[in-house]
Protein chains: 2
Amino acid sequence: MDTFELKKVGLKATLPRLRILEIMERNADRHLSAEDVYKALIDAGEDVGLATIYRVLTQFEAAGIVERHNFDGNHAVFEIAKGPHHDHMVNVDTGHVIEFFDEEIEKRQRAIVEAHGFDLQGHSLVLFVKNRT
Amino acid sequence: MDTFELKKVGLKATLPRLRILEIMERNADRHLSAEDVYKALIDAGEDVGLATIYRVLTQFEAAGIVERHNFDGNHAVFEIAKGPHHDHMVNVDTGHVIEFFDEEIEKRQRAIVEAHGFDLQGHSLVLFVKNRT
DNA sequence: ATGAATGCAAAAACTTTGCATGACG
DNA sequence: CGTCATGCAAAGTTTTTGCATTCAT
């Protein structure tokens with residue numbers, strides 16, 4: 001049960017939160033918008049409000065349970081925070097999202113930030129790609 | 001005069017477009033929202049509509065005159081497309097944006113995309129940093 | 001029991017669009 | 001002059017908020 005997962009981060013184990021967490025886990029390989037989660041729950045016969053999805057996903061983000069991304073500037077998508085950090089490649093033809101990790105890039109980022117006298121808090125890297133013709 | 005700059009990319013040299021281009025050039029070191037540009041023009045006594053700012057900035061983007069960024073997911077900012085490509089560092093304490101370029105990162109990006117069998121169309125890299133305490 | 005969480009509807013924030021008028025080439 | 005661009009206002013999207021009710025502990 002995910003109940004413990006929620007209590008662990010100080011969130012009451014309410015039904016909507018459990019359902020949303022289930023959806024996110026069941027779609028661990030995808031990036032879902034708030035609307036996507038909402039539709040999935042409505043389709044499953046749950047009685048939930050879109051506002052709750054937004055509120056809960058924001059709480060999950062703060063708790064480190066999910067990550068929020070803005071691949072396009074129009075709407076946010078969420079993915080469950082599974083294991084190690086990774087960045088994303090978006091296929092502009094299909095919309096598909098591919099995950100990748102490159103230690104070299106991570107290392108350079110840290111070096112650059114150091115050199116400017118800052119601490120790195122986080123980063124967002126998205127590569128926009130096309131199928132090779 | 002910027003008239004030629006506009007005609008060069010196939011845009012009629014209208015007054016609003018010239019004014020907007022001026023603002024962008026005068027603030028080449030900043031990242032302005034559509035609202036910022038709008039206010040600057042209103043303050044300068046120009047009679048312009050916010051819708052025009054959005055339309056023109058979108059055209060400028062398509063023409064390669066400006067670049068659009070989404071540092072946060074809430075609103076777009078624009079900067080004049082000056083010289084060579086660069087990425088951005090956002091100071092989360094102050095909101096300041098610092099530009100940087102790293103050939104190593106660029107190179108790795110190309111290599112990663114190659115390895116996945118794609119063509120790189122573009123990328124978005126933002127480092128979120130904090131003042132060292 | 002009691003404070004937190006929810007659903008609904010309304011509002012907010014940003015951006016786009018329809019249309020009549022006005023400006024560019 | 002014909003067309004394209006503009007301003008205004010209205011509509012569209014996505015996300016947030018207020019409030020009465022319900023739920024978890």
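Every chain is numbered from 1, with letters handed out A, B, ... down the list of sequences.
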query: For B/R30, which residues count as a salt bridge (charged side-chain N to carboxylate O under 4.0 Å, His left out) partner, sequence neighbours excluded?
result: none
task: Using whole Å, report how far CD1 of A/I53 lies from C1' of C/dT6.
output: 11 Å
field: Value rounded to 0.5 Å, distance of NZ in B/K107 from CD1 in B/I105
entry: 12.0 Å
query: Would a hydrophobic clustering, with Ile, Leu, Val, Met, Phe, Trp and Tyr connected at side-chain separations under 4.5 Å, put A/L125 with A/V113?
result: yes
- prompt: Roughly how far apart are B/R108 CZ and A/E106 CD, rounded to 0.5 Å?
  reply: 11.5 Å
task: May I ask whether B/L18 and B/L32 are part of the same hydrophobic cluster, defined by side-chain heavy atoms of I, L, V, M, F, W, Y residues being less than 4.5 angstrom apart, directly or through others?
output: yes
- request: Kindly write out the residues that satisfy ring pair (Phe, Tyr, Trp, His ring centres under 6.0 Å) with B/F128, not counting sequence neighbours, or none if the list is empty.
  value: none
Extract all donor-acceptor atom pairs below 3.5 Å that involve side chains of residues 7-15 of chain B and protein atoms in other chains or at least two apart in sequence.
residue, atom, partner, partner atom, Å
B/T14, OG1, B/R17, N, 3.4

message: Generate the contact string for nucleotides 9-16 of chain C. Rules: B means base contact, S means sugar-phosphate contact only, - means no protein heavy atom under 4.0 Å.
response: B----SBB
Interatomic spacing from CG in A/L127 to NE2 in B/H116 - rounded to 0.5 Å: 9.0 Å
statement: salt bridge (charged side-chain N to carboxylate O under 4.0 Å, His left out) pairs touching residues 109-122 of chain A, sequence neighbours excluded, are A/E103-A/R110, A/E114-B/R132, A/D119-B/R132
Under the salt bridge (charged side-chain N to carboxylate O under 4.0 Å, His left out) test, residues paired with A/E61 that sit two or more places apart: A/R68
task: Find the distance A/D47:CG to C/dT6:C1' and express it as a whole number of Å.
output: 9 Å
field: Axial bend angle, the helix from C/dA1-D/dT25 to C/dG25-D/dC1: five-pair end segments, nearest 10°
entry: 40°
query: Looking at residues at least two apart in the chain, or sitting in another chain, which of them share a ring pair (Phe, Tyr, Trp, His ring centres under 6.0 Å) with B/H85?
result: B/H123
Nucleotides bounding contact with chain B, strand DNA chain D, heavy-atom threshold 4.0 Å: D/dT3 to D/dA9
Using atom types as modelled, flag every donor-acceptor pair under 3.5 Å from a side chain in residues 35-51 of chain A to any protein atom, sequence neighbours excluded.
residue, atom, partner, partner atom, Å
A/D36, OD1, A/S33, OG, 3.4
A/D36, OD2, A/S33, N, 2.9
A/D36, OD2, A/S33, OG, 3.1
A/E46, OE2, A/R19, NE, 3.0

- line: Numerically ordered, the residues 9-24 of chain A set in heavy-atom contact under 4.0 Å with DNA chain C is A/K12, A/T14, A/P16, A/R17
Donor-acceptor pairs under 3.5 angstrom involving side-chain atoms of residues 74-84 of chain A: please list them, not counting sequence neighbours.
residue, atom, partner, partner atom, Å
A/H75, ND1, A/D72, OD1, 3.4
A/E79, OE1, A/H31, NE2, 3.3
A/E79, OE1, A/K82, NZ, 2.8
A/E79, OE1, A/H86, NE2, 3.4
A/E79, OE2, A/H69, NE2, 2.8
A/E79, OE2, A/H86, NE2, 3.2
A/E79, OE2, A/H88, NE2, 3.1
A/K82, NZ, A/A28, O, 2.9
A/K82, NZ, A/E99, OE2, 3.4

